[in-house]
Amino acid sequence: MKPVIEILNTRIADAMTAATGESDCLAIVKQSGDVKFGHYQANGCMALAKRVKTNPRELAAKVVENLKIDDICETPEIAGPGFINLTLKNDFLSDRLMEIAADDKERLAIDKTSTPKKVVVDFSSPNIAKQMHVGHLRSTIIGDTIARILNFLGHDVIKQNHIGDWGTQFGRVILGLWHLCMAQKHGNTYYRTELKELKDCKEDDGKLKELCLAIRDRHEKDWEEDRLDKRGDGEVLFHPYIKKLKGLDKGELWSQFLEVYQYVNLVEESITGMNLEVPSRKMIDGEYVYSNMPYESVSRLATVMLQNEDDQENKAWEYISELTLNYCQKIYDRLSVLLTEDDVCGESFYKDRLPGIVEELKDKDLATESEGAMCVFPEGFTNKEGNPLPFIIQKSDGAFLYATTDLAAINYRIKELDAEKIIYVTDARQQLHFQMLFATAKAAGWLTDDVEVSHVTFGTMMGEDGKPLKTRSGENVNLSDLLDEAVERASKVVEAKNPDLGDAEKASIANAVGIGAVKYADFSNNRTTDFIFSFDKSLAMEGNTAPYMQYAYARVKSIERKAVDKGIDVAAELTSLDTLNITEPAEMDLALHIIRYSEAINVAAGDCRPNYLTAYLYDLAQKFSTFYNACPVLIATEDKRPTRLMLCDLTAKTIAHGLTNLLGIEVVEKM
RNA sequence: GCGCCCGUAGCUCAGUCGGAUAGAGCACUGGUUUCCUAAACCAGGGGUCAGAGGUUCGAAUCCUCUCGGGCGUACCA
């Protein structure tokens, strides 16, 4: 079933052509803002009148003469400078609703696209060795809903979770494991105490330096001592430790690892600029060469070593990556995000392709060396000094970085996944990166005109103070903590409002409401701007929130339950209906809105803007609430009751479909 | 400096690519429960769409400039 707006667009455009002889006329049909202008309005006559140099009102009259639309609308009215106002016929509305109700494929009679595409959606993409925090929430759920919507519309969607598992932090992972191993040697968790100390003396330069010196000294000593044959071979402790990793308790290792990873990062941050050095070794022409290196470069050295040498340290990294994904999967499941391990295709997936990517760009004379790094200088990008801005594809130390993996990924998606469209869902700060990525991929001939790339950006999630959401101690808010709090708060509301429900039911409602509220708050904001997150507002029953809609749904379900008590056979009344008896304004308003669902989905999909969909659903829930108050269902007379039951049923189906199928938010029978 | 995003009611935000009198919610004021969940509904006040020019039948929306905010700008992602 085609959206009404599409039918109107086609019919009016044809009439415009018939009236003027002009081809490709645009009818520009929109939903009217005010019922006094009908249900839809066509705005195309003004523009066309200019094109053919005639009076727009006269043209509109001519168009109406040529318009065959009496199967859908009342007689069109011409208003203002040349609007054509259209009001749907009651019978047409009724037929539409009946058709939606008759759909047995749970698609609410919404057609799949006639031009399906293979679409890659790149989203979520958390980093290895980190807990997901609120910064990952938006990409994860916005990407998920985009994938769901496009899939519903019939596109062939390939989800790609491009996890950050091969960049610089890669070396930090190994360094973290090294510290865990050394902590075992010392018989204490020094990383834990020092993590706290480092934070505490952040402001005190003298103390900080003293602490960092001690850390460096111990590091050197540990490194020197861990040798069987050559200095720093790690054969006594570190390598045996890595071999045993798989035998360790997963939960315990994960929590230790999170801590030590923070430690590695903080140490590196703290020592930068202190000119501390540690001994290191490098393989040069098959021989180890020993020299001192800046302490802050240790993790980078580890990255290079690991990207070059392939051994058990690689396996250790693989293991940590598995641990991370294991944890992420729990969050995805909690969020009802459809990602699975099958969708994981992270940076490391491309590791063997990276040298080839760099070589190819060199061969094509696109990549050149600059300040020791291998760079592409795509046209049109300049830095602060006005010089060409480099897109660095290989660092001066030889390591690859995210530009390289993203280039490999775009190449893979186009050439091997046969993507016709690629959507990247990341925060707005990465815009320049993606512009340069696309420019480079175009210059290399990988990205051609028949492939559409789109960077779907979003702003930062702010706390109620208007600053990026952080904990009191200044850290990123852990995503699972945020969800816990939302569920906790929701459960208090459930307890207060509906104390008679069973414990299991309360818990399940609290979960649906809490998680739904967090997700919905995000969706309902225009994704391009930063938005201020507030538990109170998200969980409020008033306004454009998940609970408000879940409540509308629960009320419909309640009517259905009460109907049974009253001996009303809802199913029978619904099937006995062949035409609706719509008389009240509230019924009409609701009915009209229900048939517009597909229009909302199309608009949301076209711009990858979930807030269009939430706005639609909120309107629907509001119109239902108005209807609910104005038009009693179960005590209605026999001629009205089936129609009202039908409106209830379709409202519930639409809300459930929008929330659950497209947004991944659960509905509840009671709340 | 340059680039991108943004500036709409006291607050938080919409505004479907130029359409008619700029919309919600919160907060504020008043009203509605012998009636299907009042976690709701109804009514009311509240605006120089940051400012100034321009484009045209018509601008919150497009162009130019100014002011104000955020982000990015060579080896993090």
Chemist: Starting at atom CE of A:M436, determine the distance to atom C1' of B:A77, rounded to an integer number of angstrom.
Modeler: 15 Å

Chemist: Select one nucleotide: of B:C36, B:U73, B:G15, the one nearest the side-chain heavy atoms of A:N526.
Modeler: B:G15

Chemist: Sticking with atom C1', work out how far B:A9 lies from B:A24, rounded to a whole angstrom.
Modeler: 11 Å

Chemist: Do the side chain of A:E542 and the base of B:A39 come within less than 3.5 angstrom through a donor-acceptor pair of N or O atoms?
Modeler: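 For A:E542, whose side chain was compared with the base of B:A39, there is no donor-acceptor pair (under 3.5 Å).
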
Chemist: Do A:S124 and A:T140 have side-chain atoms, one donor and one acceptor, less than 3.5 Å apart?
Modeler: yes

Chemist: Checking base pairs now: Watson-Crick or wobble, both atom distances under 3.5 Å. What partners B:U33?
Modeler: none

Chemist: When rounded to the nearest Å, what value does the distance between P atoms of B:C63 and B:G7 take?
Modeler: 14 Å

Chemist: Answer yes or no: does a side-chain N or O of A:R555 lie under 4.0 Å from OP1 or OP2 of B:A38?
Modeler: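 Looking at the OP1 and OP2 atoms of B:A38, one of them is under 4.0 Å from a side-chain N or O of A:R555.
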
Chemist: Could you check how far CZ of A:R609 sits from P of B:C13, rounded to whole Å?
Modeler: 16 Å

Chemist: For the P atoms, the ones on B:U8 and on B:A52, what distance do you get once it is rounded to whole angstrom?
Modeler: 15 Å

Chemist: Give me syn or anti for B:U61, where syn covers glycosidic angles within 90 degrees of 0.
Modeler: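 Nucleotide B:U61 adopts anti.
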
Chemist: So what does A:S396 touch, heavy atoms closer than 4.0 Å: a base, only the sugar-phosphate, or nothing?
Modeler: base

Chemist: Please work out if A:A554 contacts a base, only the sugar-phosphate, or nothing of the nucleic acid, heavy-atom cut-off 4.0 Å.
Modeler: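 Counting heavy atoms under 4.0 Å across all strands, the contact made by A:A554 includes a base.
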
Chemist: Could you check A:H593 against A:Y616 for ring pair (Phe, Tyr, Trp, His ring centres under 6.0 Å), going step by step and ending with a plain yes or no?
Modeler: CA-CA 8 Å; A:H593 201 67; A:Y616 169 84; 4.3 Å; yes

Chemist: Tell me: CD of A:Q435 to P of B:G72, nearest whole Å?
Modeler: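 In whole Å, B:G72 P and A:Q435 CD are 15 Å from each other.
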
Chemist: Using a cut-off of 4.0 Å on non-hydrogen atoms, how would the nucleic acid contact of A:E371 be classed: base, sugar-phosphate, or nothing?
Modeler: base

Chemist: Do A:D607 side-chain and B:C17 base share a donor-acceptor contact under 3.5 Å?
Modeler: yes

Chemist: Under 4.0 Å between any heavy atoms, over every strand shown, what does A:F381 touch: base, sugar-phosphate, or nothing? Just pick one.
Modeler: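 A:F381: no heavy atom of the nucleic acid under 4.0 Å.
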
Chemist: Does OP1 or OP2 of B:G19 have a side-chain N or O of A:K30 closer than 4.0 Å?
Modeler: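 Looking at the OP1 and OP2 atoms of B:G19, one of them is under 4.0 Å from a side-chain N or O of A:K30.
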
Chemist: I would like to know whether A:E587 and A:K640 meet salt bridge (charged side-chain N to carboxylate O under 4.0 Å, His left out); could you show each step before the answer?
Modeler: CA-CA 11 Å; A:E587 293 170 331; A:K640 292 192 167 173; over 6 Å; no

Chemist: Mind checking A:F531 for me? I need base, sugar-phosphate or nothing, with any heavy atom below 4.0 Å counting as a touch.
Modeler: sugar-phosphate

Chemist: For A:M549 and B:G25, give me the distance from atom CE to atom P, rounded to whole Å.
Modeler: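 So the two atoms are 13 Å apart, to the nearest Å.
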
Chemist: Using a cut-off of 4.0 Å on non-hydrogen atoms, how would the nucleic acid contact of A:P81 be classed: base, sugar-phosphate, or nothing?
Modeler: base

Chemist: In whole Å, what separates the C1' atom of B:G47 from that of B:C11?
Modeler: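 Approximately 14 Å lies between the C1' atom of B:G47 and that of B:C11.
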
Chemist: Given the C1' atoms of B:U56 and B:C13, what is the spacing between them in whole Å?
Modeler: 31 Å

Chemist: Touch check for A:N611, heavy atoms < 4.0 angstrom, all strands: base, sugar-phosphate only, or nothing?
Modeler: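 Here A:N611 touches the backbone only, sparing every base.
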
Chemist: Give the intermediate values and the outcome of side chain to side chain donor-acceptor pair (under 3.5 Å) for residues A:N526 and A:R609.
Modeler: CA-CA 7 Å; A:N526 180 337; A:R609 285 179 194 262; 3.1 Å; yes

Chemist: Tell me the closest heavy-atom pair linking A:I5 and A:Q31, and the distance in Å.
Modeler: CD1-N, 4.4 Å

Chemist: Measuring centre to centre across the rings, with the benzene-like ring taken for any Trp, is A:H433 within less than 6.0 Å of A:Y402?
Modeler: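 Between A:H433 and A:Y402, the centre distance is under 6.0 Å.
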
Chemist: Could you check whether A:K470 pairs with A:E475 (Lys NZ or Arg NE/NH1/NH2 to Asp/Glu carboxylate O, under 4.0 Å)?
Modeler: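 Result for this pair is no, no salt bridge flagged.
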
Chemist: Taking atom C1' in both B:A50 and B:C5, compute the distance separating them and give it to the nearest angstrom.
Modeler: 16 Å

Chemist: To the nearest Å, how far apart are A:M461 CE and B:C13 C1'?
Modeler: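 Distance, rounded to whole Å: 15 Å.
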
Chemist: At under 4.0 Å between heavy atoms, what does A:N383 touch on the DNA or RNA strands: base, sugar-phosphate, or nothing?
Modeler: base

Chemist: Specify the separation, in whole Å, of atom CD1 of A:I532 and atom C1' of B:G70.
Modeler: 12 Å

Chemist: Using the P atom on both, measure B:A60 against B:G19 and round to a whole Å.
Modeler: 10 Å

Chemist: Would you say A:Q622 reaches B:G25's phosphate, i.e. side-chain N/O to OP1/OP2 under 4.0 Å?
Modeler: yes

Chemist: Run the side chain to side chain donor-acceptor pair (under 3.5 Å) test on A:R596 and A:Y40 for me, step by step, so that the C-alpha distance in whole Å, both residues' side-chain angles and the decisive distance to 0.1 Å come before the verdict.
Modeler: CA-CA 11 Å; A:R596 288 175 165 174; A:Y40 291 87; 3.2 Å; yes

Chemist: Looking at B:A74, B:C71, B:U12, which one has an atom nearest to any side-chain atom of A:R429?
Modeler: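 Of the candidates, B:C71 comes closest.
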
Chemist: Which whole number of Å gives the distance between the P atom of B:U29 and that of B:C36?
Modeler: 29 Å

Chemist: Under 5.5 Å between ring centres and under 30° between planes: does that hold for A:F83 against the base of B:A20?
Modeler: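 Stacking between A:F83 and B:A20: present.
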
Chemist: Counting the atoms with a prime plus P, OP1 and OP2 as sugar-phosphate, which does A:I392 contact under 4.0 Å by heavy atoms, base, sugar-phosphate, or nothing?
Modeler: base

Chemist: Once you apply a heavy-atom cut-off of 4.0 Å, does A:N85 come out as touching a base, just sugar-phosphate, or nothing?
Modeler: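 If one applies the 4.0 Å heavy-atom cut-off, A:N85 turns out to touch a base.
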
Chemist: Can a donor-acceptor pair under 3.5 Å be found between the side-chain atoms of A:Y402 and the base atoms of B:A77?
Modeler: yes

Chemist: Applying a 4.0 Å non-hydrogen cut-off, can you work out what A:K562 is touching in the nucleic acid: base, sugar-phosphate, or nothing?
Modeler: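 Since only primed, P, OP1 and OP2 atoms lie under 4.0 Å of A:K562, the category is sugar-phosphate.
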
Chemist: Of all the choices, B:A74, B:C36, B:A24, which nucleotide is nearest to the side chain of A:Y618 once you look at every atom?
Modeler: B:A24

Chemist: For the pair made of OH in A:Y612 and C1' in B:A14, what is the distance, rounded to whole Å?
Modeler: 9 Å

Chemist: Which of the following nucleotides, B:G72, B:A38, B:G70, is nearest to the side chain of A:Y628?
Modeler: B:A38

Chemist: What nucleotide, of B:G19, B:A14, B:C4, holds the atom closest to the side chain of A:Q431?
Modeler: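 My answer, after comparing the listed nucleotides, is B:C4.
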
Chemist: Rounded to the Å, how far apart are A:Q430 CD and B:A77 P?
Modeler: 10 Å

Chemist: Across the strands shown, which category fits A:S534 at heavy-atom distances under 4.0 angstrom: base, sugar-phosphate, nothing?
Modeler: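 Counting heavy atoms under 4.0 Å across all strands, no contact is made by A:S534.
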
Chemist: Contact class for A:M374 vs. all strands (heavy atom < 4.0 Å): base, sugar-phosphate, or nothing?
Modeler: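 A:M374: no heavy atom of the nucleic acid under 4.0 Å.
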
Chemist: With a 4.0 Å cut-off on N to O distance, would you call A:E495 and A:K492 a salt bridge?
Modeler: no

Chemist: With a 4.0 Å cut-off on heavy atoms, is A:C45 in touch with a base, just the backbone sugar-phosphate, or nothing at all?
Modeler: nothing

Chemist: Can you tell me which nucleotide in B:A40, B:C42, B:C36 comes closest to the side chain of A:P632?
Modeler: B:C36

Chemist: Is the ring of A:F37 stacked on the base of B:A20, with centres less than 5.5 Å apart and planes under 30° off?
Modeler: yes

Chemist: Can you tell me if the side-chain N/O atoms of A:T529 get under 4.0 Å from OP1 or OP2 in B:A14?
Modeler: yes

